[in-house]
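In what follows, a single structure is set out as structure tokens and then discussed.
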Amino acid sequence: MIPAQFDYARANTLDEALTLLAQNEDAKILAGGHSLIPAMKFRLTQPPLLVDIGRIKDLAYIREEDGQIRIGAATTHYQIESSDLLKSICPLLPDCASHIGDVQVRNKGTIGGSVAHADPAGDWPAAIIALNAELKVISNNGARTINANDFFVDLLTTALEPGEILTEIRINRTNGRTGQAYAKMHHPASGFAVVGVAASLSLNGDGNCERASIGITGVSSKAYRASAVESALSGTKLDDEAISNASAHAADGVDANGDLFASADYRRHLASVYTQRAINAAMKSIPPA
Ligand SMILES: Cc1cc2nc3c(=O)[nH]c(=O)nc-3n(C[C@H](O)[C@H](O)[C@H](O)COP(=O)(O)OP(=O)(O)OC[C@H]3O[C@@H](n4cnc5c(N)ncnc54)[C@H](O)[C@@H]3O)c2cc1C
């Protein structure tokens, strides 16, 4: 398919991008183009102008600042997958990145584009919800931050307002005995998540679960936090029985999607199975006392 006609403008700075967006309210931001261009080819969207932010150097970085991990929105999946800093202080992110598409997709697609696209089968939303990330967005009216839990509103719909650019993902650094992992059932044709579960677990001095954060994607119209699993794990020894009992609540209160490949019931079942897998994998990565 061929997209409808559109204009293209390359922004060299964030200010330039904001001005272009303010001048044309139907313009769309182009980052890696790996979700937007396919949607344009299917004519699901027909923006009159694309504002390319892919060459704005200030939007692609991974750094630690004020006890937080800060990732620029235009950072590619591959840059995250291969970051030594993230491997050492937030391994969930490189783990999650390694599950996305193939090498070409990971080289071009960005975390900001993926999060802003809010695909219900996208991987990043589960991880950033589990990490309780804050998303920094900027428009000509100023800057604000949105908690990951409030960012995903519905299928392909986020809390971003017209004219706003997502610029940074901020994650508080966890200390102590913490383990993280991502477990995913890949759709055999598309590679997207039939179900993807991100887990981050912290142990207290007694070796019991102090805090569990679980983000799940693929099951419903938007990624969500599995609060019932988190509360069921809290304070337990994280033995097989506790993990199995808690994981059974992975889709509690969730309106699961069904399609030709996976019915709603099967997705709910997978949510429990992959929650169990993500928790077990996260446990294995917890450093010894
Ligand atoms: C073959 C293939 C396989 C894939 N497999 C997977 C997979 O397994 N898992 C997965 O999660 N994804 C997968 N993807 C999607 C891929 O990860 C995309 O890169 C990602 O979803 C979008 O990022 P992008 O940088 O390409 O954004 P774009 O396509 O450029 O933009 C996507 C949307 O976000 C908006 N946008 C982009 N950046 C910003 C910003 N900074 N602020 C505000 N709005 C913004 C755009 O206007 C657009 O609406 C796959 C894609 C392909 C083509």
Side-chain angles (χ1 to χ4, degrees), residues 3 6 8-11 14 17-18 20-21 24-42 44-56 58-61 71-81 93 95-129 135-139 143-144 146 151-152 155-169 182 184-196 198 215-218 222-223:
F6 62 92
Y8 168 90
R10 181 190 296 164
L14 192 54
L18 289 170
L20 285 161
L21 289 174
N24 189 331
E25 65 176 25
D26 294 323
K28 274 211 167 267
I29 297 166
L30 176 72
H34 273 47
S35 292
L36 181 57
I37 301 295
M40 287 170 65
K41 286 186 167 183
F42 283 118
L44 295 171
T45 179
Q46 302 187 15
L49 170 68
L50 294 187
V51 178
D52 188 350
I53 62 166
R55 315 262 175 113
I56 304 178
D58 295 349
L59 279 181
Y61 55 86
I71 303 176
T75 307
T76 63
H77 309 319
Y78 174 73
Q79 285 169 325
I80 294 172
E81 181 186 8
L93 293 170
D95 188 2
C96 180
S98 72
H99 285 269
I100 298 175
D102 51 28
V103 174
Q104 290 92 331
V105 172
R106 296 199 289 276
N107 263 315
K108 203 69 191 138
T110 66
I111 186 168
S114 174
V115 168
H117 188 59
D119 191 308
D123 294 292
W124 283 128
I128 69 155
I129 283 177
L135 307 179
K136 185 179 173 196
V137 306
I138 293 185
S139 73
R144 65 182 179 125
I146 308 168
F151 188 81
F152 302 102
L155 182 94
L156 306 179
T157 309
T158 69
L160 282 171
E161 299 285 348
E164 281 186 329
I165 299 181
L166 170 62
T167 56
E168 189 174 78
I169 291 103
Y182 187 65
K184 170 179 178 180
M185 175 168 176
H186 296 246
H187 188 288
S190 71
F192 275 84
V194 179
V195 166
I216 302 187
T217 190
K222 60 171 186 163

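Counting begins at 1 with the first residue of the sequence. Order of listing sets the numbers, starting from 1, for every ligand and every atom in it.
L36 places a side-chain heavy atom less than 4.5 Å from the side chain of L50. Counting heavy atoms from C-beta on, the side chains of L93 and Y182 never come closer than 4.5 Å. In this structure, the side chains of T167 and L59 come closer than 4.5 Å at one or more pairs of heavy atoms.
For the pair S114 (side chain) and I111 (backbone), a donor-acceptor distance under 3.5 Å is absent. Although no hydrogens or angles enter the test, the distance criterion places a donor-acceptor pair under 3.5 Å between the side chain of T217 and the main chain of P120.
Applying the side-chain contact (heavy atoms from CB on, under 4.5 Å) test between R106 and each of Q79, H77, H99 identifies H77 as the sole match.
Near ligand 1, residues K28, I29, L30, A31, G32, G33, H34, S35, L36, I53, A73, H77, H99, I100, G101, V105, G109, T110, G113, S114, A116, H117, G122, D123, L160, I165, L166, K184, G191, F192 each place a heavy atom inside the 4.0 Å sphere around the ligand atoms.
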